[in-house]
*Asks:* 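The structure's right below; bear with me while I get my questions together.
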Amino acid sequence: SNPNTKLVVSSACSGVTNLLVELANGVQDQTHRSEILTKLAEIHNAVLDQLEDSTQAAAEVYTILDTVTSLAEAASIQASRKLTDHLVACGELMSTHLLTQLIRERGIAATRFDIREVLRTDSNFGKAEPELDSIRQLAKEKLIPLCQESVVITQGFIGSDAEGNTTTLGRGGSDYSAALIAEAVEASGLEIWTDVPGIYTTDPRIAPKASPIPEISFSEASEMANFGAKILHPSTLVPALRHDIPVFVGSSKEPEKGGTWIRHQVESSPLFRALALRCNQTMVTLRSAKMFHAYGFLARVFEILAKHKVSVDLITTSEISVSLTLDQTDTSGGAPQLPEAARIELEELCSVDVEHNLCLVALIGNNMSESKGYAKQVFGTLEDFNLRMICYGASPHNLCFLVHESVSKQAIQKLHTELFEG
Ligand code: ASP
Ligand code: MG
């Protein structure tokens, strides 16, 4: 209903990518494989059934489902990351056929566009990096002219490398795609219609009194995305920030509820804006008496971590020890592991302690480093909690710490009541 919308980037239908990922991992049991394929057909049929004229969209969807069937069979013999990307891309390729027809039936001229012609990436299947210069050039040649004629419907999440292989940007990557495309076509705004009516002061499932935030700055929103608020893919804001494109987040199911605008300049910059919770944290503590007055210890530690491709998230140090948390780099959702080879090498240097079942609580706000007195309020509220690693000072926008998983929700609830419900 917004006449300013020129380009729509769509994700797959709900549940589809998960099923495709399962197939891509290789389903040996043929009966189970057919069950998944039937489920995929059902999800798409449910939408096709609601179209006035589904002939063309149905034909297109069924052709893609045939491809899914043969790729699933290939994956059951030998799975690979390249094959996975080809297979999981089918979700967005199908949903965009449905959406194009649906929009046409609402009386709007719409064209479906295969974004693989524009969204050029490297060949890192499963988590491909976009190649910005090529994307901009290709968008100028192929996408912008098309947007002038009709509304263009295209796929999120997927792209292609220089050889024309299908790639994906990682789970949840549709938001990121939309932002990359908005940047490439120099859009005046980017709206993300998801399943929540915007960004809240914290997850309302944890604190029922959490309230919607009408407007938030890029820096605050990036901190929230990085600290686990699962509303936006963490990379989404990067292209929008680069080109200063305002981003709106709202619910496609309840558009009338409004949402959150994320902008460069915002009217208010409160000390406390939101609370985020991220569980499945792995904390590694390294201790060495040799660190005392020594130099080069941290350099050695990070050299070993880099060699084993261990990505570090937070870090605090004391004279003879350093604690760090490991970054979640894969899509498994489980706690990140310290690779055994890295542990062995680190143990030659210092003692190594690994702890699991920890959650990261992040308090997001503004000018924290320049404000006084609030630490007492924050830590006073948490006096009954055992706080592990505390990180503060490197960013004016956050203060965060680890607590045991069993009390993490309680910590959020207490802080929310004290800092946001007053
Ligand atoms: N369909 C993809 C996924 O489920 C991308 C997305 O939804 O953003 O991960
Ligand atoms: Mg999605």
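Remember, it's 1-based here, ligands and their atoms both numbered in the order they're listed. This is a predicted model, so every value here is computed, not measured.
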*Asks:* Between Tyr374 and Phe272, does the ring centroid distance fall short of 6.0 Å?
*Replies:* yes
*Asks:* Can you list everything that forms a side chain to side chain donor-acceptor pair (under 3.5 Å) with Gln337? Sequence neighbours excluded, please.
*Replies:* none
*Asks:* Hey, does Gly172 come in under 3.5 Å of ligand 1, counting only N/O atoms on both sides?
*Replies:* yes
*Asks:* If you count the atoms of ligand 1 from 1 in the order shown, which ones are under 4.0 Å from a heavy atom of Arg171?
*Replies:* 3 (C), 4 (O), 9 (O)
*Asks:* Select one of side chain, backbone, both or neither to describe which atoms of Ser174 lie under 4.0 Å from any atom of ligand 1, heavy atoms only.
*Replies:* both
*Asks:* His86 versus Asn165: any side-chain heavy-atom pair under 4.5 Å?
*Replies:* no
*Asks:* Would one find an N or O of Glu92, backbone or side chain, under 3.5 Å from an N or O of ligand 1?
*Replies:* yes
*Asks:* Would you please determine whether Gly173 falls within less than 4.0 Å of ligand 1 on a heavy-atom basis?
*Replies:* yes
*Asks:* Enumerate the residue pairs fulfilling salt bridge (charged side-chain N to carboxylate O under 4.0 Å, His left out) with a member in residues 203-222, sequence neighbours excluded, ordered by first and then second residue.
*Replies:* Asp203-Arg205, Glu215-Arg263, Glu220-Arg273
*Asks:* In plain terms, say whether Arg300 and Glu303 are close enough for a salt bridge, that is, a side-chain N and a carboxylate O under 4.0 Å apart.
*Replies:* yes
